[in-house]
Protein chains: 2
Amino acid sequence: MNNTRFATVVHVLAILADNDGEWLSSDWIANSININPVMVRKELGTLQQRGLVITRKGKEGGSRLQKSSTEISLADIYLLVKNTEVLGKKNLNTNPQCPIGKQINKALDGLFAKTDELMLAYLQSITLEKFVKQFR
Amino acid sequence: MNNTRFATVVHVLAILADNDGEWLSSDWIANSININPVMVRKELGTLQQRGLVITRKGKEGGSRLQKSSTEISLADIYLLVKNTEVLGKKNLNTNPQCPIGKQINKALDGLFAKTDELMLAYLQSITLEKFVKQFR
DNA sequence: AATAACTGTAACAACAATTATTACAATTAA
DNA sequence: TTAATTGTAATAATTGTTGTTACAGTTATT
């Protein structure tokens, strides 16, 4: 991952957790992260799909957590933003005439699955609540 | 990490381990990965700096392992290619006027350090030899 | 009913990272 | 001397990421 999406989504959820029950606008949230509100709305869209937040449109609209922060883990966030494996991408088109070229991607798949599993298990153990506690 | 460098370097080393003692040219190696030989030479350059391979210039030149494949671990490779944290980049410029914005990066640093540690510990346990065994 | 404050999303622009390629000087074995 | 190689600079091509503008649709408030 070479992007800021994990950091952004954690930030968004931390703010929502810190203001539990209130409807916060994308503008307000974006102001804390210092990014464009449209980026925030995009992430909130995915968070909604996954049932982590609810959003209300129109005046006085905004978003808030749909689950308790004890029921959200960093693994949920990771799964939401993950686009490549932890160790990066494979070389597709390796040469099948070479024994290594032929088999390496199967071996990498196995490795990548393990590292992913490891990461998920750890992130699952950290709830949003636990993470946000650090800010108090 | 959003690139193929880990996969590439693993591939390069797997080939060298599989042809232990022989001097393999960057062209030969590139042919198995199906990438440009210059890319291979670049990675070999770093591998040399770290003392993992030796390279000989000129006709009949090429590269081979400098250490036994039992003394090289996937963690060595990971450290070589790592450019961002496992969970991505932070948002710099968060708003210091917001309590979350002010403190989040410190919290993320802690988290990123843990995930990195976890990953390294696992990768250290896998030697090149062990990895290459899968191809036999 | 009108207004103001929102969300959702498309379209696109700007920027950054990654990968590929060309070219050639320097090195070395035969 | 020649042929095969590395090392590396320069740059092009491609892909990924982030930012921005614009505006239709929604909703609370008056």
Side-chain angles (χ1 to χ4, degrees), chain A residues 1-9 11-12 16 19 22-31 33-50 52-64 66 80-85 87-95, chain B residues 1-9 11-12 16 19 22-31 33-50 52-64 66 80-85 87-95:
Chain A
M1 286 216 297
N2 206 17
N3 59 33
T4 53
R5 291 189 62 212
F6 183 87
T8 299
V9 176
H11 198 141
V12 168
L16 293 178
N19 295 275
E22 293 176 52
W23 297 96
L24 304 182
S25 74
S26 61
D27 241 75
W28 196 96
I29 298 168
N31 181 59
I33 313 180
N34 233 316
I35 61 174
N36 196 291
V38 175
M39 302 298 286
V40 173
R41 294 208 282 277
K42 282 174 187 167
E43 297 300 351
L44 284 169
T46 321
L47 285 165
Q48 267 186 96
Q49 283 171 24
R50 305 276 175 125
L52 303 182
V53 309
I54 339 174
T55 292
R56 209 164 61 166
K57 289 179 186 170
K59 193 173 181 188
E60 309 287 292
S63 302
R64 58 175 192 174
Q66 183 158 31
L80 192 107
V81 302
K82 177 170 186 284
N83 57 357
T84 50
E85 308 292 329
L87 297 175
K89 293 185 286 201
K90 281 168 286 191
N91 288 295
L92 312 171
N93 311 318
T94 51
N95 187 346
Chain B
M1 284 214 300
N2 207 17
N3 58 32
T4 54
R5 291 190 62 211
F6 183 87
T8 299
V9 175
H11 198 141
V12 168
L16 293 179
N19 296 276
E22 292 176 52
W23 296 96
L24 304 182
S25 74
S26 61
D27 241 76
W28 197 96
I29 298 168
N31 182 58
I33 313 179
N34 232 316
I35 62 173
N36 196 290
V38 175
M39 303 298 286
V40 173
R41 295 207 282 276
K42 283 176 187 166
E43 297 300 352
L44 284 168
T46 320
L47 285 165
Q48 267 186 96
Q49 283 170 23
R50 306 274 176 128
L52 303 181
V53 309
I54 341 177
T55 292
R56 209 164 61 167
K57 290 179 187 173
K59 193 172 179 188
E60 308 287 293
S63 302
R64 59 175 191 173
Q66 182 159 30
L80 192 106
V81 304
K82 177 170 187 284
N83 56 358
T84 50
E85 306 294 329
L87 297 175
K89 293 185 285 200
K90 281 168 287 189
N91 289 295
L92 311 172
N93 311 318
T94 52
N95 186 347

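Chain naming here is simple, since letters A, B, ... match the order of the sequence lines and numbering starts at 1 in each. Note that the coordinates shown come from a computational prediction; the quantities given were computed from them, not determined experimentally.
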Could you walk me through whether B:N3 and B:N83 pass the side chain to side chain contact (heavy atoms under 4.5 Å, CB included) check? CA-CA 10 Å; B:N3 58 32; B:N83 56 358; 3.7 Å; yes

Rounded to the Å, how far apart are A:N93 CG and C:dT19 P? 13 Å

Nearest to the side chain of B:N3, heavy atoms from C-beta on, is which of C:dT7, C:dT18, C:dA4? C:dT18

Please report the closest heavy-atom contact between B:R64 and B:E22, naming both atoms and the distance. CB-O, 3.3 Å

Answer yes or no: does a side-chain N or O of A:N2 lie under 4.0 Å from OP1 or OP2 of D:dT17? no

Which of D:dT6, C:dC6, C:dT19 is nearest the side chain of B:M39? It is C:dT19

When every non-hydrogen atom of A:F6 is compared with those of B:L87, the smallest separation belongs to CB-O, 3.3 Å

Describe the nucleic acid contact of B:N36 in one word from base, sugar-phosphate, nothing, applying a heavy-atom distance below 4.0 Å. base

Minimum-distance nucleotide to B:K42 side chain [options: C:dT21, C:dT9, C:dT7]: C:dT21

On DNA chain D, more 5' by nearest nucleotide between B:L24 and A:T4 is B:L24

What nucleotide among C:dA5, D:dT17, D:dA22 has an atom nearest to a side-chain atom of A:R41? D:dA22

Among D:dA22, D:dT26, C:dT19, which nucleotide has an atom closest to any side-chain atom of A:V38? D:dA22

What nucleic acid atoms does B:G62 come within less than 4.0 Å of, heavy atoms only: base, sugar-phosphate, or nothing? sugar-phosphate

Output the rounded distance in Å from CZ (B:R56) to P (C:dT28). 10 Å

From CH2 of A:W23 across to P of D:dT26 the rounded distance in Å is 17 Å

Apply side chain to side chain contact (heavy atoms under 4.5 Å, CB included) to B:I33 and B:V12, showing your working. CA-CA 8 Å; B:I33 313 179; B:V12 168; 3.8 Å; yes

Starting at atom CD1 of A:I54, determine the distance to atom C1' of D:dT27, rounded to an integer number of angstrom. 16 Å

Looking at B:N83, I'd like to know whether one of its side-chain N or O atoms comes within less than 4.0 Å of OP1 or OP2 on C:dT18. yes

Would you find a donor on one side and an acceptor on the other, under 3.5 Å apart, between the side chain of B:K89 and the backbone of A:N2? yes

Checking D:dA9, C:dA30, D:dT6 against the side chain of B:E60 (C-beta onward), the nearest is C:dA30

Closest approach to the side chain of B:I35, judged atom by atom: which nucleotide of C:dA20, D:dG7, D:dT20 is it? C:dA20

With the side chain defined as heavy atoms from C-beta on, A:K89 is closest, among C:dA29, D:dG16, D:dT6, to D:dG16

Taking the minimum atom-to-atom distance to the side chain of A:T55, which one of C:dT7, D:dA28, C:dA23 wins? C:dT7

Whole-Å gap separating P (C:dC6) and CD1 (A:I29): 12 Å

Give the rounded distance in Å between these two atoms: CD of B:E43 and C1' of C:dT18. 12 Å

Protein-nucleotide distance (A:K59, atom NZ; D:dA28, atom P), rounded to Å: 11 Å

So which heavy atom on A:W28 is nearest to which on A:N19, and how close? CH2-ND2, 4.2 Å

Answer yes or no: does a side-chain N or O of A:Q48 lie under 4.0 Å from OP1 or OP2 of C:dT7? no

